[in-house]
Amino acid sequence: MKTAIVPMSQLTNEPFASVICYPKATPSEMQVRIEELQQLGVEVVEFYGKTSAHALQVYGKGYVGIVVVAQVGGERLALKMQRVDSNRESLEHEAKLLSKANTVGVGPRFLAVTKHFLVMELIEGGSLEDWLQTHIDKIEVKAIVEDILEQCYRLDEISLDHGELSKAPKHLLVNNSDKPYIVDFETASTMRNASNVTSVCQYLYQGNSEVCKVISKVLGKRNSNELVAALRKYRKNRGRSNFEDLKKQCLQ
Ligand SMILES: Nc1ncnc2c1ncn2[C@@H]1O[C@H](COP(=O)(O)OP(=O)(O)O)[C@@H](O)[C@H]1O
Ligand SMILES: [Mg+2]
């Protein structure tokens, strides 16, 4: 896997073009995208990160988008690029829901969108799973988990359902200042019942993932009957007091 720091004038060359237009560039698709990148003020694209796309490094890759670092006005930002083979119309729906999440202090800061690109704050760090490999201090882990639960509660309050938090390994990131972020509002919706708190609890406490194991080891085993009861109560009535009771079961 190679890293490359590429100015706009060279993006139409391979192998860069076929990452911008993943999985395969055509001149006409590339032309459309270059114009959008110019409109967004992108100056440089950095191909680097822990994931790969073709032979290049990228920050992240999902079924809808590829995330790379873009330099805009000298600042390093996250650029989500819609995959050509995704079945989505555009990234505009995601932009709208990310902006809504931002109103309650959740998600990377949204900056700009075009049909195929979304520019947002870059979360430098790694996944929560990675973070838990090196942070096993009880107070620190508690603080991160509490922050995540509070963010989910705020999303529940505005009826914004993330949709992919029960299997969250790629959607919970922690930056280098130990602040957790929920990313990817692509499958989010305001039309479903918001179940962010319950979904994230499933992910953190109820599976047998690596994350569950570490949390249980650091915070101690939960009383699973009481946790299930608190989850059920919260699901019925998502008020603050039920949330506080649930938090107690999660963090005590
Ligand atoms: N703002 C961001 N900063 C850093 N990494 C990000 C950011 N947004 C997404 N990522 C990483 O890129 C991956 C792919 O982005 P994501 O939005 O999940 O795409 P998809 O909609 O295709 O699943 C994510 O799982 C995450 O690891
Ligand atoms: Mg994703």
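Order of appearance sets the numbers: ligands from 1, and atoms from 1 within every ligand.
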Just jot down the ligand 1 atoms closer than 4.0 angstrom to any heavy atom of [X], in number order.
X	answer
Met120	1 (N), 8 (N)
Tyr59	4 (C), 5 (N)
Lys61	13 (C), 14 (C)
Ala78	1 (N), 2 (C), 3 (N)
Glu186	21 (O)
Pro108	1 (N)
Lys80	16 (P), 17 (O), 19 (O), 20 (P), 21 (O)

Minimum-distance pair of heavy atoms, taken over all atoms of [X] and [Y]:
X	Y	answer
Leu165	Cys152	CD1-SG, 3.9 Å
Phe110	Met120	CA-CB, 4.3 Å
Cys21	Arg33	SG-CD, 3.6 Å
Tyr22	Ala53	CE1-CB, 3.9 Å
Val183	Lys170	CG2-O, 3.7 Å
Val58	Val67	CB-O, 3.7 Å

**Prompt:** For the residue pair Phe243 and Tyr153, does the interplanar ring angle fall in the parallel (under 30°), tilted (30 to 60°) or perpendicular (over 60°) class?
**Reply:** parallel

**Prompt:** Among all protein non-hydrogen atoms, which one is nearest to atom 1 (N) of ligand 1, and what is the separation to 0.1 Å?
**Reply:** Glu121 O, 2.9 Å

**atom 6 (C) of ligand 1: nearest protein contact (heavy atom, Å)** =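 Nearest neighbour among protein heavy atoms for atom 6 (C) of ligand 1, to 0.1 Å: Leu173 CD1, 3.8 Å.
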
Taking distance alone, with N or O pairs closer than 3.5 Å, would you say [X] contacts ligand 1?
X	result
Gly65	yes
Tyr63	yes
Glu94	no

**Message:** Applying side chain to side chain donor-acceptor pair (under 3.5 Å), can you list everything that pairs with Gln31, at least two apart in sequence or on another chain?
**Reply:**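 Glu35.
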
Selected option - heavy-atom contact closest to [atom], from [options]:
atom	options	result
atom 18 (O) of ligand 1	Ile123, Leu91, Asp184	Asp184
atom 10 (N) of ligand 1	Val67, Thr187, Val58	Val67
atom 12 (O) of ligand 1	Gly125, Ser86, Gly60, Pro169	Gly60

**Protein N, O or S within less than 2.8 Å of the Mg ion (ligand 2), waters excluded** =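 Under 2.8 Å from the Mg ion (ligand 2) - ignoring waters, which are not counted - the protein N, O or S atoms are His171 NE2, Asp184 OD2.
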
Is [X] touching ligand 1 with its side chain, its backbone, both, or neither, if touching means heavy atoms under 4.0 Å apart?
X	result
Lys170	both
Ile66	neither
Val64	both
Arg83	neither
Glu124	neither

**Message:** Can you confirm whether Leu149 sits close enough to Cys201 that some side-chain heavy atom of one is under 4.5 Å from a side-chain heavy atom of the other?
**Reply:** yes

**Item:** Contact check, side chains of Leu91 and His116, non-hydrogen atoms, under 4.5 Å
**Value:**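 No, every pair of side-chain atoms sits at 4.5 Å or beyond.
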
**Request:** Ignoring hydrogens and angles, state whether a donor on the side chain of Asp147 or Gln151 is under 3.5 Å from an acceptor on the partner side chain.
**Result:**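 Short answer, yes.
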
**Prompt:** Would you say the side chains of Asp184 and His171 form a donor-acceptor pair under 3.5 Å?
**Reply:** yes

**Request:** Could you please spell out the steps behind the salt bridge (charged side-chain N to carboxylate O under 4.0 Å, His left out) verdict for Lys80 and Glu186?
**Result:** CA-CA 11 Å; Lys80 181 164 174 175; Glu186 148 61 26; 5.2 Å; no

**Request:** Evaluate the criterion side chain to side chain contact (heavy atoms under 4.5 Å, CB included) for residue pair Glu121 and Tyr181; output intermediate values, then yes/no.
**Result:** CA-CA 11 Å; Glu121 177 186 2; Tyr181 283 85; 3.5 Å; yes

**Over 12 foreign heavy atoms within 6.0 Å of CD, Glu89** =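 Atom CD in Glu89 is not crowded, with 12 or fewer foreign heavy atoms closer than 6.0 Å.
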
**Prompt:** For Arg76 and Glu43, what are the C-alpha separation, side-chain angles and deciding distance, and is it a salt bridge (charged side-chain N to carboxylate O under 4.0 Å, His left out)?
**Reply:** CA-CA 10 Å; Arg76 295 174 75 243; Glu43 291 145 0; over 6 Å; no

